[in-house]
Colleague: 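Take this structure, written in structure tokens, and hold onto it; I'll ask about it next.
FYI, the numbering just counts along the sequence from 1.
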Amino acid sequence: MAYWRRSSRQMQAATGQVAVAPTSPVTEKPKSRSRMMRQYDLVERVRTYNPDTNEDLLNRAYVYAMKAHGTQTRASGDPYFSHPLEVAAILTNLKLDDATIVAALLHDTIEDTEATRAEIDNIFGHEIGVLVEGLTKLKRLELVSREAKQAENLRKLLLAIADDVRVLLIKLADRLHNMRTLEFVPHASRRRIAEETLDIYAPLAGRMGMQEMREELEDLSFHTLDPEAYAVVMQRLDALADRNRNLIGEIESQLSKKMQKHGITARVYGRRKQPFSIWTKMERKSVGFEQLSDIYGFRVVMPDVESCYAALGVVHTTWPVVPGRFKDYISTPKQNDYRSLHTTVIGPGNQRVELQIRTEEMNQIAEFGIAAHAFYKEGMGSPTERLEHESNAFAWLRHTVGILSESANPEEFLEHTKLELFHDQVFCFTPKGKLIALPRQANVIDFAYAVHTDVGNSAVGCKINGKFAPLSSELQNGDEVEVLTSVAQSAPPSAWESLAVTGKARAAIRRATRTAVRDQYAGLGRRIVDRLFARAKIEYADDKLKGALPRLARASIDDVMASVGRGELKASDVARAMYPDYKEERMVRYGAKKSLAVKLKLKAPPHPARSASVIPVRGINSDLPVKFAPNGGAVPGDRIVGIVTPGEGITIYPIQSPALKDFEEEPERWLDVRWDIDETMPQRFPARILVHNVNEPGSLAQVATVIAEHDGNIDNISMSRRSPDFTELTIDLEVYDLKHLSAIIAQLRAKAVVAKVERVNG
Ligand code: MN
């Protein structure tokens with residue numbers, strides 16, 4: 001089996017003679033190769049895993065690239081051609097197909113030599129031409145100024161690799177070789193390249209399941225960016241390696257003995273964690289080196305899945321298990337296709353050891369990720385097509401790129417992508433089976449916006465795996481999510497903005513609520529203005545107002561109306577701006593007779609709270625300019641009046657509310673309103689009742705049951721004991737209308753435990 005350079009040392013370690021690699025390859029000075037790989041070396045490498053390789057094609061590419069690069073040299077002084085050759089060699093370790101190897105050999109020719117796409121198409125065929133062109137585009141991206149363009153570059157990178165994942169594999173190999181020889185590059189660009197590697201390429205490799213690649217890229221970057229920290233970690237690792245020299249052999253022999261009793265052969269090899277991952281763990285958890293218990297990992301490779309579980313059984317009966325560390329990634333694979341059983345035990349010498357138990361195939365995928373999906377299955381279509389079926393990681397890539405190509409703003413892209421792209425994801429599905437990738441901790445709101453902004457804006461409920469669930473439910477891998485929408489909801493509740501996890505959802509919610517609020521204020525403002533003009537018997541015309549805009553210091557008629565609606569501008573100011581000699585008439589008290597009815601659109605999802613699980617959206621969105629009286633509310637059937645509060649909007653009171661007394665001196669704040677209820681879409685509204693309950697066991701439960709049985713929602717209950725015999729319950733309810741409320745009150749009064757019920761009008 002071909003391994004990375006470092007892995008060959010790990011293989012040595014597996015023999016038990018050398019416990020842990022004495023040095024890491026990244027600490028070695030990159031050496032100029034005294035002998036470049038020859039044509040036959042390369043062909044030989046390919047032939048070990050692909051006996052049917054097209055030798056002629058490989059040979060032609062070798063010669064073509066060598067000639068094209070001619071006497072060019074690298075910063076190291078090596079002939080330039082050594083670079084594409086090394087890149088191709090890295091890819092033979094991944095056992096890639098001829099087209100990939102050939103494209104690797106040619107990857108810098110279009111950009112750096114006389115070679116052209118047409119020529120490459122001619123000699124090597126269209127497939128290879130496309131790959132080389134993809135890499136050429138990526139190379140050009142790198143030349144663009146980085147600060148401003150990083151987001152856009154990353155986006156283009158992802159777009160390019162989504163067409164054919166082999167472009168990514170070649171790009172990663174290219175970057176790996178450049179990182180291995182970074183020493184020769186001027187200091188300033190060294191840092192930049194290392195940072196970019198750490199920011200983009202290493203996580204991308206990890207996301208594609210290519211852990212070996214990711215780790216080497218990380219360690220090389222770490223070494224460049226913080227050589228001192230790197231040295232410290234390495235020193236400690238070496239010291240530990242000395243101390244635990246025999247651990248691997250011991251574990252292996254004990255395990256093998258036990259397994260043999262069960263007729264199972266296991267291959268065990270040890271592998272220490274990589275310096276960069278140890279460093280980040282130390283930084284993240286701010287723990288010292290000594291406290292990192294899981295520096296040693298052991299891989300137990302089994303012939304099949306069944307024996308993985310058998311091995312787990314043996315391990316768990318041989319050594320004490322560290323609780324809470326067992327994970328079954330075989331039955332639930334990670335998003336990058338990783339599968340293994342993880343457990344930590346107190347092993348020989350009281351040493352905590354982490355074991356990863358897996359099959360050979362899982363081992364391949366763990367190390368090579370997306371590249372391990374054998375490209376050599378006959379008659380299985382193109383690698384891209386096959387990968388879409390076989391690899392979650394690739395499906396994710398495709399999906400992410402889909403989102404990216406829709407988002408116009410590169411900064412927005414960075415916000416979402418850098419945060420979300422490279423961290424753990426959850427993968428969920430629409431009822432039609434479309435994959436939706438979301439960051440961990442995302443909920444259904446995020447899901448809805450990921451499907452479509454309109455779906456998000458009109459989401460009122462959801463089913464997860466066929467069961468009703470709250471929109472705030474955190475999504476789990478593999479969830480099938482059906483978002484229930486309602487045309488009655490044109491804008492999402494603004495509270496969702498803080499519930500949403502993804503930047504996309506947050507931005508959309510912000511946008512939608514801002515627009516909705518503004519529209520509502522403008523609508524309200526227009527009605528207030530209309531009313532004043534009607535009463536004053538002066539003519540209103542948009543054109544006339546347009547002429548008065550400068551005087552009102554507003555940019556548009558909508559601005560004026562929204563300002564009036566918000567109470568920032570008085571309707572009389574508008575009138576005066578249009579008719580300078582307008583004099584404010586005395587307001588008629590309440591203005592009730594002549595005033596126009598303000599139609600209130602009170603929007604709510606259908607049966608918003610019929611299942612307790614749905615996010616309560618009460619009648620109206622909280623940030624719209626209409627809300628209900630704070631202590632008691634109002635329900636359809638009540639006669640209502642609106643009170644305008646500048647900067648806040650309208651509060652609806654039932655006409656019998658004692659609170660209205662406070663506004664008697666301010667008739668201009670009174671607004672005539674009426675209900676505008678869509679009978680086909682029942683909505684709930686807040687009401688408060690006061691219940692005097694007999695103190696006996698279960699009496700509160702009886703009250704709650706009556707309310708629930710009659711389809712009332714209890715929003716809140718507060719209790720105070722007035723006497724040894726009675727408790728006063730203040731219950732905030734949500735009901736459909738006055739009839740509904742009255743029915744509930746009547747049913748409560750019929751209960752023996754209820755002494756008295758009355759409605760509260762705040
Ligand atoms: Mn290159």
Colleague: Taking the side chain as every heavy atom from C-beta outward, state whether Ile278 and Pro275 have any pair of such atoms under 4.5 Å apart.
Modeller: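 Of all side-chain heavy-atom pairs linking Pro275 with Ile278, none is under 4.5 Å.
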Colleague: Does Val87 reach the side chain of His107, with side-chain heavy atoms less than 4.5 Å apart?
Modeller: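 Yes - at least one pair of side-chain heavy atoms lies under 4.5 Å apart.
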Colleague: Restricting to side chain to side chain donor-acceptor pair (under 3.5 Å), what partner residues turn up for Thr359, sequence neighbours left out?
Modeller: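 Thr359: no side chain to side chain donor-acceptor pair (under 3.5 Å) contacts found.
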Colleague: Looking only at heavy atoms, which two atoms of Lys171 and Leu135 are closest? And how far apart?
Modeller: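 Answer, listing the atom of Lys171 first, then Leu135: N-CD2, 3.8 Å.
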Colleague: What's the separation between atom CE in Met213 and atom CD1 in Ile90, rounded to the nearest 0.5 Å?
Modeller: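 Output value for this atom pair is 6.5 Å.
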Colleague: Test of understanding: with side chain to side chain contact (heavy atoms under 4.5 Å, CB included), list the residues that count as partners of Thr318, not counting sequence neighbours.
Modeller: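 Checked Thr318 against side chain to side chain contact (heavy atoms under 4.5 Å, CB included); matches are Gln254, Lys258, Val314.
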Colleague: For the side chain of Ser473 and the backbone of Ala469, is there at least one donor-acceptor N/O pair under 3.5 Å apart?
Modeller: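 A pair under 3.5 Å: no.
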Colleague: Once rounded to the nearest 0.5 Å, what's the spacing between atom CG of Leu96 and atom CG of Leu91?
Modeller: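 Rounded to the nearest 0.5 Å, the CG-CG separation comes to 5.5 Å.
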Colleague: Please report the interatomic distance CG(Leu471) to CD1(Ile445), rounded to the nearest 0.5 Å.
Modeller: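 Leu471 atom CG to Ile445 atom CD1 measures 5.5 Å (nearest 0.5 Å).
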Colleague: Please list, chain by chain and in numerical order, all residues satisfying salt bridge (charged side-chain N to carboxylate O under 4.0 Å, His left out) with Glu361, sequence neighbours excluded.
Modeller: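 So Glu361 forms no salt bridge (charged side-chain N to carboxylate O under 4.0 Å, His left out) with any residue.
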Colleague: Under the criterion side chain to side chain contact (heavy atoms under 4.5 Å, CB included), I'd like the reasoning laid out for Gln356 against Val300: C-alpha separation, chi angles, the key distance, then a yes or no.
Modeller: CA-CA 6 Å; Gln356 301 169 347; Val300 182; over 6 Å; no
Colleague: Listed by chain and number, what are the ring-ring contact (aromatic ring centres under 6.0 Å, His included) partners of Phe276, not counting sequence neighbours?
Modeller: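 Result, ring-ring contact (aromatic ring centres under 6.0 Å, His included) vs Phe276: Phe222.
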Colleague: Check whether more than 12 heavy atoms from other residues, nucleotides or ligands sit under 6.0 Å from atom CD of Glu474, and answer yes or no.
Modeller: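 More than 12 heavy atoms, drawn from other residues, nucleotides or ligands, come within 6.0 Å of this atom.
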Colleague: Can you measure from CD (Glu482) to SG (Cys462) and round to the nearest 0.5 angstrom?
Modeller: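 If I round to the nearest 0.5 Å, the distance is 9.0 Å.
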Colleague: Got Glu228 and Asp226 here, is their nearest side-chain heavy-atom distance under 4.5 Å?
Modeller: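 Contact flag for Glu228/Asp226 side chains = yes.
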Colleague: Going by side chain to side chain contact (heavy atoms under 4.5 Å, CB included), name the residues that satisfy it together with Arg45, two or more places apart in sequence or in a different chain.
Modeller: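 If we apply the side chain to side chain contact (heavy atoms under 4.5 Å, CB included) test to Arg45, skipping adjacent residues, the hits are Met37, Ala89, Thr92, Asn93.
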Colleague: Name all residues meeting the side chain to side chain donor-acceptor pair (under 3.5 Å) criterion together with His452; count only those two or more places apart in sequence or in a different chain, and write none if there are none.
Modeller: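 Partners of His452 by the side chain to side chain donor-acceptor pair (under 3.5 Å) criterion come out as none, since no residue qualifies.
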Colleague: Do you know the tightest heavy-atom contact between Val102 and Ala61?
Modeller: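 Shortest heavy-atom separation between Val102 and Ala61 comes out as CG1-CB, 3.6 Å.
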Colleague: Between atom CG of Leu198 and atom CG of Leu217, what is the distance when rounded to the nearest 0.5 Å?
Modeller: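 The CG atom of Leu198 sits 9.0 Å away from the CG atom of Leu217.
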Colleague: Quick one: closest heavy-atom pair of Pro84 and Ala104, and the distance?
Modeller: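 Minimum heavy-atom contact is CB-O, 3.6 Å.
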Colleague: Would you please name every residue forming a salt bridge (charged side-chain N to carboxylate O under 4.0 Å, His left out) with Arg214, sequence neighbours left out?
Modeller: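 With neighbours one apart ignored, the set is Glu218.
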Colleague: Checking His83 against Asp174 for the side chain to side chain contact (heavy atoms under 4.5 Å, CB included) test, could you report, in this order, the C-alpha distance in whole Å, the side-chain angles of both residues, the deciding distance, and whether it holds?
Modeller: CA-CA 8 Å; His83 164 66; Asp174 178 39; 2.7 Å; yes
Colleague: What pairs meet the side chain to side chain donor-acceptor pair (under 3.5 Å) rule with one or both residues in residues 442-451, with sequence neighbours excluded?
Modeller: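 Non-adjacent pairs meeting side chain to side chain donor-acceptor pair (under 3.5 Å): Asp446-Thr502, Tyr449-Asn457.
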Colleague: Could you tell me which residues satisfy side chain to side chain contact (heavy atoms under 4.5 Å, CB included) with Glu44, sequence neighbours excluded, listed by chain and number?
Modeller: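 Side chain to side chain contact (heavy atoms under 4.5 Å, CB included) check on Glu44 returns Arg47.
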Colleague: Do Thr344 and Val321 touch side chain to side chain, with heavy atoms closer than 4.5 Å?
Modeller: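 No. Closest side-chain heavy atoms not under 4.5 Å.
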Colleague: For salt bridge (Lys or Arg N to Asp or Glu O under 4.0 Å), just list the numbers for Glu354 and Arg299, CA-CA rounded to whole Å, side-chain angles, deciding distance to a tenth of an Å, and then say yes or no.
Modeller: CA-CA 9 Å; Glu354 189 183 279; Arg299 291 188 180 161; over 6 Å; no
Colleague: So, for Ala194 and Ser221, which heavy atoms are closest and what is the spacing to 0.1 Å?
Modeller: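 It is O-OG, 3.4 Å.
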Colleague: Could you walk me through whether Tyr338 and Ile365 pass the side chain to side chain contact (heavy atoms under 4.5 Å, CB included) test, one step at a time?
Modeller: CA-CA 6 Å; Tyr338 176 88; Ile365 290 173; 5.9 Å; no
Colleague: Can you find a pair of side-chain heavy atoms, one from Thr197 and one from Asn178, that are under 4.5 Å apart?
Modeller: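 Answer no - side chains too far apart.
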Colleague: Treating Asp479 as the side-chain partner and Val481 as the backbone partner, does any N or O pair qualify as donor plus acceptor under 3.5 Å?
Modeller: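 Checking the backbone N and O of Val481 against the side chain of Asp479, no donor-acceptor pair under 3.5 Å is found.
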Colleague: Supply the atom-to-atom distance Ser331 OG to Arg339 CZ, rounded to the nearest 0.5 angstrom.
Modeller: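 The distance works out to 8.5 Å.
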Colleague: For Ala310, check side chain to side chain contact (heavy atoms under 4.5 Å, CB included) against everything at least two apart and list the hits.
Modeller: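 Result, side chain to side chain contact (heavy atoms under 4.5 Å, CB included) vs Ala310: Ile264.
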Colleague: Could you go step by step and tell me if Asn50 and Lys95 meet the side chain to side chain contact (heavy atoms under 4.5 Å, CB included) rule?
Modeller: CA-CA 8 Å; Asn50 178 17; Lys95 302 183 185 177; over 6 Å; no
Colleague: Go through the structure and list residues passing side chain to side chain donor-acceptor pair (under 3.5 Å) with Thr224, not counting sequence neighbours.
Modeller: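 Checked Thr224 against side chain to side chain donor-acceptor pair (under 3.5 Å); zero matches.
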Colleague: Output yes when Arg175 and Glu216 qualify as a salt bridge under the 4.0 Å nitrogen-oxygen rule, no when they do not.
Modeller: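 A salt bridge is absent here (no side-chain N lies under 4.0 Å from a carboxylate O).
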Colleague: Minimum heavy-atom separation for Leu131 and Ala99, please, with both atom names.
Modeller: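 Closest heavy-atom pair between Leu131 and Ala99: CD1-O, 3.8 Å.
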Colleague: Flag the pair Thr343 / Arg325 as yes when at least one side-chain heavy-atom distance between them is below 4.5 Å, and no otherwise.
Modeller: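 No, side chains not in contact.
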Colleague: Tyr230 side chain to Trp279 main-chain N or O, any donor-acceptor pair under 3.5 Å?
Modeller: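 Between the backbone of Trp279 and the side chain of Tyr230 there is no qualifying donor-acceptor contact (under 3.5 Å).
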Colleague: Do the non-hydrogen side-chain atoms of Leu182 and Ile193 ever get within less than 4.5 Å of each other?
Modeller: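 Sidechains of Ile193 and Leu182: in contact.
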Colleague: Measuring only between side-chain heavy atoms, which start at C-beta, is Ile357 closer than 4.5 Å to Tyr309?
Modeller: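 A side-chain contact is absent here, since even the closest heavy-atom pair is not under 4.5 Å.
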Colleague: Gln211 and Ala366: which non-hydrogen atoms are nearest, and at how many Å?
Modeller: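 Closest pair (atom of Gln211, atom of Ala366, distance): CG-O, 3.1 Å.
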Colleague: Is a donor from one side chain sitting under 3.5 angstrom from an acceptor on the other, for Asp328 and His342?
Modeller: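 Not at all, the side chains of Asp328 and His342 share no donor-acceptor pair under 3.5 Å.
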Colleague: Under the side chain to side chain donor-acceptor pair (under 3.5 Å) test, which residues partner Tyr329, sequence neighbours left out?
Modeller: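 Side chain to side chain donor-acceptor pair (under 3.5 Å) check on Tyr329 returns nothing, list empty.
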Colleague: Quick one: does any side-chain atom of His223 pair with a main-chain N or O of Leu220 as donor and acceptor, under 3.5 Å?
Modeller: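 It does not hold such a pair.
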